[in-house]
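This report concerns only the one structure given below.
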Amino acid sequence: MLDLGFVRANLELVRQKMRERGLPDILGDFEALDAERRKQLSEAEALKARRNKASDEIARLKKQKQDASALIAEMKQAGLEIQALDEQAKASDDKLREVLRNVPNIPHATVPLGRGAQDNQEVRRWGQPREFDFEPKAHWDLGPELGILDFERAAKIAGARFAVYFGVGAKLERSLANFMLDVHTREHGYTEVLPPFIVNSASLYGTGQLPKFTEDLFKLEGSDYWLIPTAEVPVTNLYRDEVLEAERLPVKHCAWTACFRSEAGSYGKDTRGIIRQHQFQKVELVKFTSPETSYEELESLTRDAEAILQRLELPYRVVALSTGDLGFSSAKTYDLEVWLPSSREYKEISSCSNFEAFQARRANLRFRNGKTGKAELLHTLNGSGLAVGRTWVAILENYQQSDGSVVVPEALRPYLDGMEKISRR
RNA sequence: GGAGAGGUGGCCGAGUGGCUUAAGGCGGCGGUUUGCUAAACCGUUGUACGGUCAAAAGCUGUACCCAGGGUUCGAAUCCCUGCCUCUCCGCCA
């Protein structure tokens with residue numbers, strides 16, 4: 001959420017930035033709503049001030065055994081007026097907040113202007129896509145042929161967009177998660193967190209999934225519980241309504257979790273394979289920083305995620321999302337895209353974002369500024385480090401051999417009991 | 001699942017309708033004293049949204065004692081609902 005006072009003072013700037021996002025009318029009649037709200041608030045507060053004074057007077061009169069009935073009668077009337085004014089003010093406030101809640105974050109000045117994904121800018125590439133002397137297979141063929149991936153049985157026990165991993169397939173997934181967590185905790189300074197995979201709606205509101213994106217989530221019937229769509233939600237909300245000491249910053253967490261997404265509205269997209277599933281695993285990186293350092297921290301967080309791809313020797317590129325493709329809560333996002341030989345294209349495997357104070361304002365995440373002594377809003381960042389399932393796919397496809405076997409990347413071998421190659425048993 | 005006890009500021013903790021502008025303590029910040037440290041003493045103390053102001057500071061108003069309703073001229077205090085925590089019992093990986 002943007003700051004009410006900031007929007008009021010910079011209305012034209014905000015309107016301009018929303019046009020850049022392709023949302024020219026998102027602010028609606030903000031000015032009129034704001035003016036109305038302030039007028040009603042002032043009136044109600046003036047009347048309350050009078051009532052507070054009168055209450056003191058009543059107490060004094062009663063103490064002195066004098067008659068206060070006239071004043072009491074007057075205040076009874078005032079009470080009714082206050083109630084009416086409060087209701088009006090509440091209604092205006094609700095309307096204004098509704099508008100504000102649905103306004104996305106302001107893109108950072110360095111975000112490329114554009115209408116959508118086609119205007120995203122490639123920042124850098126790493127590694128050379130391998131030249132195959134045979135026709136590389138897609139993972140949805142390779143996996144089942146190796147006997148490590150099964151879609152039919154997944155459909156039987158759950159439905160579409162689910163997968164079952166067998167044997168080395170399951171172990172590869174587990175090894176990848178361990179490998180990622182080890183690198184981030186040992187070498188990049190992140191503290192591991194294992195949070196609940198279920199959260200309440202307040203947490204989803206804090207990170208910006210609610211109220212706008214209900215459709216993308218799984219809700220548990222008859223409760224206020226939701227399956228997490230990403231570890232970002234529980235981890236970012238860890239310090240909700242807290243004030244962190246400045247010396248602790250930046251706070252860096254990594255978390256392995258399952259993630260659950262309804263994928264409503266993505267019918268027909270990535271229907272084959274395990275690119276887009278209702279349930280997948282992800283190692284997430286989350287940072288809480290001071291406002292001054294958040295953009296440096298975005299760069300290093302992105303590098304931390306890239307390090308995993310480099311160790312696995314998977315070719316990738318880094319893309320800066322354009323204003324038209326930026327997520328709701330994000331001020332700036334780099335996507336990491338890994339090379340997939342079967343489709344001959346780079347596919348998203350990580351998304352690293354700086355949310356500035358947007359989530360912090362919603363979740364009331366603050367730190368104590370050493371200089372001013374005041375509690376100020378933190379900046380929050382997160383990025384996948386990485387999506388485990390998509391990494392699994394990238395390994396199968398990039399390391400496949402002409403005989404259908406898959407070479408295990410060297411960095412991963414210690415996690416697979418030294419196994420060098422995955423072959424059909 | 002059953003029974004009971006609770007939820008007060010950064011923390012501890014008092015507070016059963018107006019004397020609370022939330023006592024007292026701890027911590028933090030500023031100061032006095034001091035060779036240094038400690039102690040003692042004095043002062044100070046949160047958040048949000050308004051008003052005033054070119055802006056900031058300041059001043060000022062309102063709200064906030066888990067959350068949401070209610071009773072009342074007036075609620076931290078009384079009533080209702082919900083959430084959470086703790087204790088005991090039962091069940092359970």
Side-chain angles (χ1 to χ4, degrees), chain A residues 1-11 13 30-101 194-206 210 220 222-226 234 237-249 251 357-358 360-378:
Chain A
M1 189 163 72
L2 298 177
D3 179 65
L4 175 62
F6 176 85
V7 175
R8 186 185 297 141
N10 301 279
L11 202 56
L13 171 78
F30 175 88
E31 280 164 295
L33 275 174
D34 182 47
E36 192 179 58
R37 171 182 166 276
R38 278 192 286 174
K39 181 166 163 284
Q40 290 162 345
L41 215 54
S42 291
E43 285 175 20
E45 286 181 355
L47 209 50
K48 282 180 192 174
R50 206 154 14 117
R51 182 179 67 184
N52 287 344
K53 284 216 177 77
S55 283
D56 289 346
E57 184 64 17
I58 290 167
R60 192 156 47 242
L61 287 172
K62 287 205 162 188
K63 209 168 145 190
Q64 294 167 359
K65 310 279 185 208
Q66 292 182 31
D67 179 41
S69 56
L71 202 48
I72 289 174
E74 192 192 327
M75 283 307 109
K76 191 169 185 130
Q77 188 55 41
L80 295 174
E81 284 177 51
I82 288 169
Q83 198 169 15
L85 283 167
D86 269 349
E87 274 164 29
Q88 288 175 27
K90 174 90 164 59
S92 301
D93 193 62
D94 286 348
K95 270 193 251 173
L96 191 69
R97 269 168 214 292
E98 175 70 13
V99 169
L100 218 49
R101 259 202 299 272
L194 181 55
F197 295 1
I198 292 174
V199 293
N200 54 35
S201 51
S203 296
L204 287 157
Y205 177 76
L210 291 182
L220 272 62
S223 72
D224 186 38
Y225 288 150
W226 307 68
N237 278 281
L238 280 175
Y239 304 111
R240 172 144 50 93
D241 296 320
E242 292 189 33
V243 180
L244 302 180
E245 290 309 319
E247 307 84 70
R248 284 186 62 189
L249 301 180
V251 172
F358 191 84
R361 193 171 289 112
R362 293 166 83 101
N364 193 24
L365 293 162
R366 294 176 299 163
F367 74 104
R368 182 137 338 253
N369 185 320
K371 291 187 195 113
T372 63
K374 295 280 182 194
E376 296 176 15
L377 293 171
L378 287 160

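All chains are named by letter (A, B, ...) in the order of the sequence lines, taking the proteins before the strands, and each is independently numbered beginning at 1. Treat the numbers as computed from the prediction; the structure is a model and nothing was measured.
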Please report, rounded to the nearest Å, how far the [atom2] atom of [N] is from the [atom1] atom of [X].
{"X": "F6(A)", "N": "rA55(B)", "atom1": "CZ", "atom2": "P", "answer": "17 Å"}
{"X": "K62(A)", "N": "rG74(B)", "atom1": "NZ", "atom2": "C1'", "answer": "9 Å"}
{"X": "I82(A)", "N": "rG74(B)", "atom1": "CD1", "atom2": "P", "answer": "8 Å"}
{"X": "R60(A)", "N": "rG74(B)", "atom1": "CZ", "atom2": "C1'", "answer": "14 Å"}
{"X": "I58(A)", "N": "rC19(B)", "atom1": "CD1", "atom2": "C1'", "answer": "16 Å"}
{"X": "E242(A)", "N": "rG46(B)", "atom1": "CD", "atom2": "P", "answer": "20 Å"}
{"X": "N200(A)", "N": "rC66(B)", "atom1": "CG", "atom2": "P", "answer": "19 Å"}
{"X": "K48(A)", "N": "rG74(B)", "atom1": "NZ", "atom2": "P", "answer": "12 Å"}

Q.
Less than 4.5 Å apart, side chain to side chain, heavy atoms only: is that true for L96(A) and L4(A)?
A. yes

Q. Would a 4.5 Å heavy-atom cut-off, applied to side chains only, mark V7(A) and D3(A) as touching?
A.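 Counting from C-beta outward, V7(A) and D3(A) never come under 4.5 Å.
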
Say you pick atom [atom1] in [N] and the same atom in [M]; how far apart are they, in whole Å?
{"N": "rU44(B)", "M": "rG9(B)", "atom1": "C1'", "result": "15 Å"}
{"N": "rG58(B)", "M": "rC65(B)", "atom1": "C1'", "result": "29 Å"}
{"N": "rC84(B)", "M": "rC91(B)", "atom1": "P", "result": "24 Å"}
{"N": "rA76(B)", "M": "rG18(B)", "atom1": "C1'", "result": "14 Å"}
{"N": "rG68(B)", "M": "rG61(B)", "atom1": "P", "result": "24 Å"}
{"N": "rA23(B)", "M": "rC12(B)", "atom1": "C1'", "result": "14 Å"}
{"N": "rU8(B)", "M": "rG15(B)", "atom1": "C1'", "result": "9 Å"}
{"N": "rC42(B)", "M": "rG24(B)", "atom1": "P", "result": "13 Å"}

Scan every strand shown for a Watson-Crick or G-U wobble partner of [N], both distances under 3.5 Å, and answer none if you come up empty.
{"N": "rU37(B)", "value": "none"}
{"N": "rU52(B)", "value": "rG58(B)"}
{"N": "rU44(B)", "value": "rG28(B)"}
{"N": "rC84(B)", "value": "rG6(B)"}
{"N": "rA23(B)", "value": "none"}
{"N": "rG18(B)", "value": "rC73(B)"}
{"N": "rA93(B)", "value": "none"}

Q: Work out which heavy atom in G206(A) is nearest to a heavy atom in N237(A); give both atom names and the distance.
A: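 Closest pair (atom of G206(A), atom of N237(A), distance): CA-OD1, 4.1 Å.
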
Side-chain N,O ([X]) to OP1/OP2 ([N]) below 4.0 Å:
{"X": "R50(A)", "N": "rG61(B)", "result": "no"}
{"X": "N52(A)", "N": "rG74(B)", "result": "no"}
{"X": "R38(A)", "N": "rG51(B)", "result": "yes"}

Classify [X] by what it touches in the nucleic acid, base, sugar-phosphate, or nothing, heavy-atom distance under 4.0 Å.
{"X": "D93(A)", "answer": "nothing"}
{"X": "A49(A)", "answer": "sugar-phosphate"}
{"X": "L41(A)", "answer": "sugar-phosphate"}
{"X": "L71(A)", "answer": "nothing"}

Name the closest nucleotide to the [X] side chain, picking from [options].
{"X": "R51(A)", "options": "rG50(B), rG18(B), rA63(B)", "result": "rA63(B)"}
{"X": "Q83(A)", "options": "rC73(B), rC49(B), rG70(B)", "result": "rG70(B)"}
{"X": "Y225(A)", "options": "rG74(B), rG50(B), rC84(B)", "result": "rC84(B)"}
{"X": "R8(A)", "options": "rC49(B), rG50(B), rG18(B)", "result": "rG50(B)"}

N/O donor-acceptor pair under 3.5 Å between [X] side chain and [Y] backbone:
{"X": "R51(A)", "Y": "M75(A)", "result": "no"}
{"X": "D93(A)", "Y": "A89(A)", "result": "no"}
{"X": "N10(A)", "Y": "L13(A)", "result": "no"}

Q) Is there any side-chain hydrogen bond (donor to acceptor under 3.5 Å, both in side chains) pair reaching into residues 68-85 of chain A, and which pairs are they, with sequence neighbours excluded? A) D67(A)-S69(A)

Q. What is the distance from atom CE of M1(A) to atom OH of Y205(A), rounded to the nearest 0.5 Å?
A. 4.5 Å

Dump every N/O contact between nucleotides 7-9 of chain B and the protein below 3.5 Å, one line per pair.
none

Q | Along RNA chain B (nearest heavy atom to each residue), the more 5'-positioned of M75(A) and R366(A) | A |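 The residue whose closest nucleotide sits nearer the 5' end is R366(A).
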
Q. Start at the 5' end of RNA chain B and walk down; is the nucleotide closest to E45(A) or to V243(A) reached first?
A.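 Nearer the 5' end of the strand: V243(A).
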
**Q.** Residues E87(A) and K90(A) bridged, charged N to O under 4.0 Å
**A.** no

Q. Just wondering, more than 12 heavy atoms not from R8(A) lying within 6.0 Å of its CZ?
A. yes

